[in-house]
Amino acid sequence: MLKMVIAKPLYRPLKLEILYYLSIRIKLSSNEKQYYLNLKKGYEGEREFASWLKDLSDNYIILYDVLLEHNNSLFQIDALVLTPTIVYLFEIKNYEGDFYIESDIWYTSTGNEIKNPILQLRRCESALRSFLQSCGYTLPINSHVVFTNSEFALFQAPRNQPIILPAQRNRFIKDLNMNAPHSKNYTLAKQFMSAHLQQSPYNLAPKFDYNSLKKGIICATCGAFLSPTKNVQFVCEHCGHKEKIDTSILRSIREFEILFPNKKITTNIIYNWCKIIYSKKTIRRILSKNYMIVGHGKAAHYVPK
Ligand SMILES: [Zn+2]
């Protein structure tokens with residue numbers, strides 16, 4: 001069986017990566033921490049849903065995380081599945097635990113009201129409809145809130161809600177494959193791709209500066225700070241993960257680049273950033289090997305090759 005086409009793959013958002021590093025190197029406020037954990041959980045839900053769609057058959061086109069502007073307001077779409085005759089819209093929720101619905105209001109098991117995800121879906125659907133119309137399309141939109149977490153349970157849900165529960169995964173994919181389109185709607189996929197907006201993750205993250213961040217190299221697996229070593233590899237004291245020193249340093253340089261896209265990469269700053277490397281020569285060797293040097297003397301710095 002041929003597989004579907006992913007026109008816009010799901011990536012770990014840069015914002016999430018930045019917050020992950022910050023969560024290790026500075027003390028986030030409880031709001032920031034909550035924001036980070038929600039973002040992380042949301043992304044894990046999206047990844048889970050992407051694993052469901054891996055079983056979709058040929059001619060479906062999938063786009064993840066599309067950010068569009070319509071009538072001066074932004075709207076974010078978690079996943080779109082395109083065919084020549086219909087557009088499927090998915091709002092993905094990674095909720096965990098028991099929830100219930102009472103007269104259209106959603107509650108957690110402890111009785112706290114939460115935002116009604118179906119209203120959120122409807123708003124997104126209506127914005128998407130206007131967007132499609134502005135592109136000259138009158139395709140029907142089939143939209144669903146997808147709950148991806150197997151620990152999620154919903155009580156007192158009226159029937160015929162636009163909801164897909166984890167237990168319905170196989171049937172949902174089977175139904176889509178039974179109705180698989182005969183051709184691909186590349187034209188529409190291209191229109192979404194060109195309308196998609198990139199949002200800078202830097203103005204969303206908490207404010208931080210170089211000096212306030214804890215320096216050192218973090219473990220690739222568990223995020224703990226590594227201790228200096230005279231061997232050719234680091235061994236994390238926390239999780240036992242082993243990594244060649246060169247790889248750890250390169251990873252730290254990459255992290256530095258993500259956190260400080262406007263700072264120049266120099267041997268001195270990376271030496272200070274990594275903190276636990278004895279010799280500047282090691283840093284210089286790795287930079288020279290993997291980056292390109294520009295400028296001379298004090299102005300010399302490295303840029304990606
Ligand atoms: Zn570790």
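In each ligand, atom 1 is the first atom listed, and ligand 1 is the first ligand listed. From a predicted model like this one, the values you see are computed outputs, not experimental measurements.
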**OP:** Evaluate salt bridge (Lys or Arg N to Asp or Glu O under 4.0 Å) for Asp246 paired with Lys289, printing each intermediate quantity in order.
**Re:** CA-CA 11 Å; Asp246 286 20; Lys289 194 174 156 195; 5.1 Å; no
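Taking 4.0 Å as the cut-off between side-chain N and carboxylate O, Arg122 and Glu125 count as a salt-bridged pair. Ion pair Asp58/Lys184 flagged as a salt bridge, since at least one NZ, NE, NH1 or NH2 atom sits closer than 4.0 Å to an Asp/Glu carboxylate oxygen. Under a 4.0 Å N-O distance rule, the pair Lys263/Glu257 does not qualify as a salt bridge. Here Asp55 does not pair with Lys174 in a salt bridge; the nearest charged N to carboxylate O distance is not below 4.0 Å. Comment: Glu46 does not engage Lys93 in a salt bridge, judged by the lack of any side-chain N to carboxylate O separation of less than 4.0 angstrom.
Excluding waters, the set of protein N, O or S atoms lying under 2.8 Å from the Zn ion (ligand 1) comprises Cys219 SG, Cys222 SG, Cys236 SG, Cys239 SG.
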